[in-house]
Amino acid sequence: MRFDIITIFPEMLAGFFSGGVVKKALEKGLLEISVHDLRDYTHDKHKQVDDRPFGGGEGMVLKPEPIFESVEAVRKNKRSRVYLLSPQGIRLDSALARKLSRVPQVILICGRYEGVDERVGRHLVDGEISIGDYVLTGGEPAAWVVMDAVSRFIPGVVGKGESVRRDSFFDGLLDFPHYTRPRDFQGMKVPQVLFSGNHAKISDWRRRKALAKTRDVRPDLLAKKKLAPGGRKLLESAPRKGKDHEPD
Ligand code: ADE
């Protein structure tokens, strides 16, 4: 799939390509990313992308013309989707990231905190996406987050598909705990069950830990989830946060 990012700070996105999983995905051709400078779609001497708000008020507002023009220039076909990054958007979650990973081209417009002309949100884009209930100075970090979360769902981007499947949120739960060597680090021991070689037991332990963590930290997620009787039983057997630590 392909991302096109429209921004007034293209340099802010540079780090995204320079390492790790995303760099490999780009090299393998699983992912294509192009960053576009909004100022390239202006036609005046000063390359002006913003202007004062009608009705008065603080700050500047991104003008509609360069944004509409840039989207028209980079849009590949009818299946392309266009999103404005803004705190007014629908909240990014795992389901949305997965849905976007099936779109051949996602165009992301980075807003600025002062605002973007409303006609962009109303008439140009397919939707607005927020990465959380806080206000960033601009959409660039949000574009980074969206691209990262979506890329992980593209087959082949993350080493083993298995690890995406096991991740937090994939089945609506937080992740279970992970351990590696040493077995004993300054008296902090790896739970015995992980050395048992009993896969069913380990799998139950992981599920119970994931359920308990979700109940204690994100009860809102657990409330949305329909638990099978087996899951409910596992959860009931997990001690609550603040209570005695479960003997591992
Ligand atoms: N731009 C400013 N704040 C944002 C947020 N929370 N999510 C997405 N884009 C933004």
Side-chain angles (χ1 to χ4, degrees), residues 1-17 20-22 31 33-42 47-55 57-71 74-75 80-103 105-154 167-169 174 217-218 220-221 224:
M1 76 164 291
R2 174 187 172 95
F3 286 107
D4 288 86
I5 315 300
I6 297 166
T7 167
I8 57 171
F9 295 123
E11 66 283 359
M12 281 180 76
L13 275 312
F16 187 70
F17 319 108
V21 163
V22 170
L31 201 58
I33 304 176
S34 200
V35 180
H36 309 272
D37 188 340
L38 187 63
R39 292 184 200 282
D40 293 343
Y41 298 90
T42 56
K47 296 185 175 287
Q48 194 181 345
V49 289
D50 54 7
D51 211 334
R52 283 174 316 211
F54 281 126
E58 294 282 304
M60 301 287 269
V61 175
L62 286 182
K63 289 161 65 62
E65 307 96 307
I67 300 182
F68 273 72
E69 195 177 316
S70 61
V71 168
V74 307
R75 193 200 292 268
S80 304
R81 290 289 170 268
V82 187
Y83 294 94
L84 173 65
L85 295 158
S86 107
Q88 281 77 47
I90 53 162
R91 190 103 62 84
L92 178 70
D93 62 11
S94 195
L96 177 56
R98 213 159 140 213
K99 190 175 115 186
L100 293 182
S101 72
R102 302 194 187 109
V103 174
Q105 182 190 22
V106 173
I107 300 169
L108 298 174
I109 303 163
C110 302
R112 299 309 303 164
Y113 71 98
E114 294 93 339
V116 177
D117 189 285
E118 183 65 15
R119 287 162 287 191
V120 170
R122 281 213 176 192
H123 302 291
L124 178 66
V125 302
D126 295 293
E128 297 184 39
I129 298 177
S130 165
I131 60 161
D133 291 340
Y134 39 80
V135 180
L136 304 165
T137 56
E140 289 76 11
W144 184 311
V145 169
V146 170
M147 285 194 290
D148 196 288
V150 172
S151 302
R152 298 183 69 257
F153 286 108
I154 300 170
D167 271 345
S168 279
F169 304 122
L174 301 183
V217 178
R218 293 290 306 275
D220 56 308
L221 290 178
K224 278 191 240 160

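These figures come from a predicted structure and were not determined experimentally. Reckoned from all heavy atoms, side chains included, excluding hydrogens, waters and symmetry mates. Note that ligands are numbered from 1 as they come in the structure, with each ligand's atoms numbered from 1 the same way.
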**Student:** For the side chain of Glu114 and the backbone of Pro53, is there at least one donor-acceptor N/O pair under 3.5 Å apart?
**Tutor:**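 Not at all, since once roles are kept as given, no pair shorter than 3.5 Å links the two residues.
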**Student:** Measuring from atom NE2 of His36 to atom CD1 of Ile5, what distance do you get when rounded to the nearest 0.5 angstrom?
**Tutor:**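 Going from the NE2 atom of His36 to the CD1 atom of Ile5 covers 8.0 Å.
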**Student:** For a quick test of reading the model, state the closest non-hydrogen atom pair linking Gln48 to Lys63 and the distance between them.
**Tutor:**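 That would be O-CD, 3.8 Å.
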**Student:** Taking the basic N atoms (NZ, or NE/NH1/NH2) and the acidic carboxylate oxygens, is any pair closer than 4.0 Å for Asp4 and Arg2?
**Tutor:**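 A salt bridge is present here (some side-chain N lies under 4.0 Å from a carboxylate O).
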**Student:** With a cut-off of 6.0 Å (strictly less than), are more than 12 heavy atoms of other residues, nucleotides or ligands near CD of Glu11?
**Tutor:**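 Atom CD in Glu11 is packed in, count exceeds 12.
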**Student:** So what's ligand 1 close to, N/O to N/O, under 3.5 Å?
**Tutor:**
| unit_1 | atom_1 | unit_2 | atom_2 | d |
| --- | --- | --- | --- | --- |
| ligand 1 | 3 (N) | Leu136 | N | 2.9 |
| ligand 1 | 6 (N) | Gly132 | O | 3.1 |
| ligand 1 | 6 (N) | Tyr134 | O | 2.8 |
| ligand 1 | 7 (N) | Ile131 | N | 3.0 |
| ligand 1 | 9 (N) | Ser86 | N | 3.2 |

**Student:** Does Glu140 come within less than 4.0 Å of Arg112, counting only side-chain N to carboxylate O?
**Tutor:**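 A salt bridge is present here (some side-chain N lies under 4.0 Å from a carboxylate O).
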